[in-house]
Each structure stands twice: as C-alpha cells, then as structure tokens.
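Because the structure is predicted, anything quoted here is derived from the model rather than measured.
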Amino acid sequence: MLEQYNLKKEALIKAMKKIDDLGVPKNDAAKKYVIFMDGNAYPPVYLLSMAYAVTYGRLLDSSEIRTERLLISDYEKLGFETMTLEKYHEFQKDEWDKLNSLTNNQENMLGNLRNNSMDLAELHNIMEYRINQSSIRERLMKSNGKCVCCGISSPDLLFLTSIIPYEYCEEFEIVDEHNYLLMCSNHKILFQKGYISFDADEKVDLAEFAKEQEIIFYNLNSFKEYQFSEGQTHYLDWHYDNVFNKKV
C-alpha cells in the first residue's frame, strides 16, 4: 500500500527525525499500533503523512490514508519494527524504572558532593559509567554513531559526553538523551574544559585562550559539520554561555 505514495524507506527515516524534533500533534497520536525505532515510537499514519511532506512538500489529509492497522504490514515489509501501543507502554515503564534508578543515585551523589564526601572527578566517573549502561548510548550510536567534531565512527573510540556537566544538571536532564553527544576522547576533554563549543549556527567555536600549537595539534580548524536536534541546541546554548571560554 505504501507504494501508491511513491515513498522510499529513506523518506520515512527522515520523517522520524523530523518528528523527533517537532513532536506529534495530539490529534495525530497513535491509536493502537506504533512504529518502533531506536527506543522511540511513531504513529503509523502521521509518520506516513510526514514522510510525504518531506518528499513532496505537504502533509497528507487523513482521508487520503487508510487505517493504521492496514499500514502495519507495509511497514514490516520495509524492515521496520512494529508493536502495539500497549507493548510500547510496557517498554516505556521498563525504561523509566531504569532511568529513575539513575536519578535517585544521582541525587544521593550530588548530596555527597555538597557535603564534601565525594569529589567532582568521582561523581563524573560514576555517572559516566552508569549512563553508558543505559539505552542512551545505544540510541545515539544508532542515530549518529560518530564524533560530532571529527567524524570518528569506531565505537571503541567514542564516549558519551554530557553537554551540561553533571554537577549542574537537574534530575530530568541527567537522563535526557538530548543532553548528550558522542565524541572522541580528545574532543570530549576540549568540550568539557571549555576550549570548544557550538554557536547559534551550530558551528564549532574556539576559545580565546586556545594556543596556536593546541589548534594545530588537535586539528581544531577542520571540524566536520553536524546538524543537532532542537533538544540538543537547547543544552548547547547553556554550554556556550556557561562553559565555553571559561577554562572550567
């Protein structure tokens, strides 16, 4: 049935990214089934409509699309995973339980930090280990899978990097995947230390205190272009104002 709209699988994947940024209107929410990808769920009807908009410039009217139940088999033929809305809610509950455990641990650790019974380096080491055990890294690897600065893509050389340092995070920010980037070890340290950040145009900016030999050694003048999600730009604005150029 999807063939009648002359849409390729790539258009549906682009539509997913668009929905990740813009969300789903209340009236277009899934009724009984969802398309499941990288931990996210997409309404079959609205996803098709958004893919059509990405390709041809307009959303499909509801009268032009049959029910979501009739679309499911077509999505499965294209290799997409589908599930009932009930099953997806069970998945969400399991994920929430895991992440809620992380936030409870973080609250205790931040309390220890304020009481001087845990130093900052220890907090970062523990939180980085635990967050890497969550599904956030897996989802970022599937959706991006490379350093946002230099493009290195070997999983062993990539590290999950919190945009807002853990000691400044609210509880919900510690488990928000938009608060994370994948970076190689060199660029992760430079980012955390305020040597580099991303400006409003999503371009890499170099700190005023970066020395010429450091710029040459780390190849700081040849960053790859990268398009961030709307959620990531929110956190990057904070990093640019509070970490960048500050010699943290």
Minimal non-hydrogen separation, [X] against [Y], with atom names:
X      : Y      : answer
Ala15  : Val54  : CA-CG2, 4.2 Å
Glu173 : Tyr168 : OE1-O, 4.1 Å
Ala51  : Leu12  : CB-CD2, 3.6 Å
Tyr42  : Met16  : CE2-O, 3.5 Å

So, Tyr240 versus Asp199: side-chain donor-acceptor pair below 3.5 Å or not?
->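 On atom types as modelled, these side chains do not qualify, holding no pair under 3.5 Å.
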So, Tyr56 versus Asn6: side-chain donor-acceptor pair below 3.5 Å or not?
->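 On atom types as modelled, these side chains qualify, holding a pair under 3.5 Å.
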Salt-bridge criterion met for Glu138 and Lys142 (N-O under 4.0 Å) =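 So Glu138 pairs with Lys142 through a salt bridge.
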Is it true that Arg137 and Glu177 have a side-chain N and a carboxylate O under 4.0 angstrom from each other?
->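 Here Arg137 does not pair with Glu177 in a salt bridge, since their nearest N and O are not under 4.0 Å apart.
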Roughly how far, to the nearest 0.5 Å, is the [atom2] atom of [Y] from the [atom1] atom of [X]?
X      : Y      : atom1 : atom2 : result
Leu140 : Lys146 : CG    : NZ    : 13.0 Å
Leu160 : Leu181 : CG    : CG    : 8.5 Å
Leu158 : Ile152 : CG    : CD1   : 7.5 Å
Ser197 : Asp205 : OG    : CG    : 7.5 Å

Do the rings of Tyr5 and Tyr52 sit parallel, tilted or perpendicular, given the 30° and 60° boundaries?
->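 Perpendicular: the ring planes of Tyr5 and Tyr52 meet at over 60°.
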Does any N or O in the side chain of Gln232 come within less than 3.5 Å of the main-chain N or O of Tyr180, such that one atom is a donor and the other an acceptor?
->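 At least one qualifying donor-acceptor pair exists.
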Heavy-atom side-chain proximity of [X] to [Y] below 4.5 angstrom:
X      : Y      : result
Pro43  : Asp28  : no
Phe191 : Ser162 : no
Leu85  : Tyr33  : no
Lys203 : Phe198 : no
Leu7   : Leu48  : yes
Pro165 : Gln192 : no

With respect to Tyr88, which candidate in Thr82, Ile35, Val34 satisfies the side-chain contact (heavy atoms from CB on, under 4.5 Å) definition?
->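 Exactly one pass, corresponding to Val34.
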Looking at residues at least two apart in the chain, or sitting in another chain, which of them share a side chain to side chain donor-acceptor pair (under 3.5 Å) with Asp61?
->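 Once residues adjacent in sequence are excluded, the partners of Asp61 under the side chain to side chain donor-acceptor pair (under 3.5 Å) criterion are Ser63.
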Take Cys149 and Ile196 through the side chain to side chain contact (heavy atoms under 4.5 Å, CB included) test and state the conclusion after the steps.
-> CA-CA 10 Å; Cys149 294; Ile196 60 174; 3.9 Å; yes
Does NZ belonging to Lys32 count more than 12 external heavy atoms closer than 6.0 Å?
->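 For Lys32, atom NZ is not crowded (no more than 12 foreign heavy atoms under 6.0 Å).
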Can you tell me if NZ on Lys188 sees more than 12 non-hydrogen neighbours from other groups inside 6.0 Å?
->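 Above 12, so yes.
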What about Ile189 and Tyr195, same hydrophobic cluster or not, with Ile/Leu/Val/Met/Phe/Trp/Tyr joined at side-chain heavy-atom distances under 4.5 Å?
->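 As far as the 4.5 Å side-chain criterion goes, Tyr195 and Ile189 are not connected within one cluster.
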Single-linkage hydrophobic cluster Ile65~Ile72, side-chain heavy atoms < 4.5 angstrom |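 Yes, it is one cluster - the side chains of Ile65 and Ile72 are joined through contacts under 4.5 Å.
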Step-by-step side chain to side chain contact (heavy atoms under 4.5 Å, CB included) determination, Cys184 to Phe159 | CA-CA 6 Å; Cys184 67; Phe159 299 87; 5.8 Å; no
Does Lys9 make a cation-pi contact with Phe80, if we ask for NZ or CZ under 6.0 Å from the ring centre and within 45° of the axis?
->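 Yes - Lys9 lies over the ring of Phe80, closer than 6.0 Å to its centre and within 45° of its axis.
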Could you tell me if the ring centre of His178 sits under 6.0 Å from that of Phe228?
->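 Centroid distance His178-Phe228: not below 6.0 Å, so no.
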For the pair Leu71 and Leu47, evaluate side chain to side chain contact (heavy atoms under 4.5 Å, CB included) and give the outcome as yes or no after the intermediate values.
-> CA-CA 11 Å; Leu71 291 173; Leu47 177 59; over 6 Å; no
Given Met183 and Val148, is the side chain to side chain contact (heavy atoms under 4.5 Å, CB included) satisfied, shown in steps?
-> CA-CA 6 Å; Met183 289 184 170; Val148 297; 3.9 Å; yes
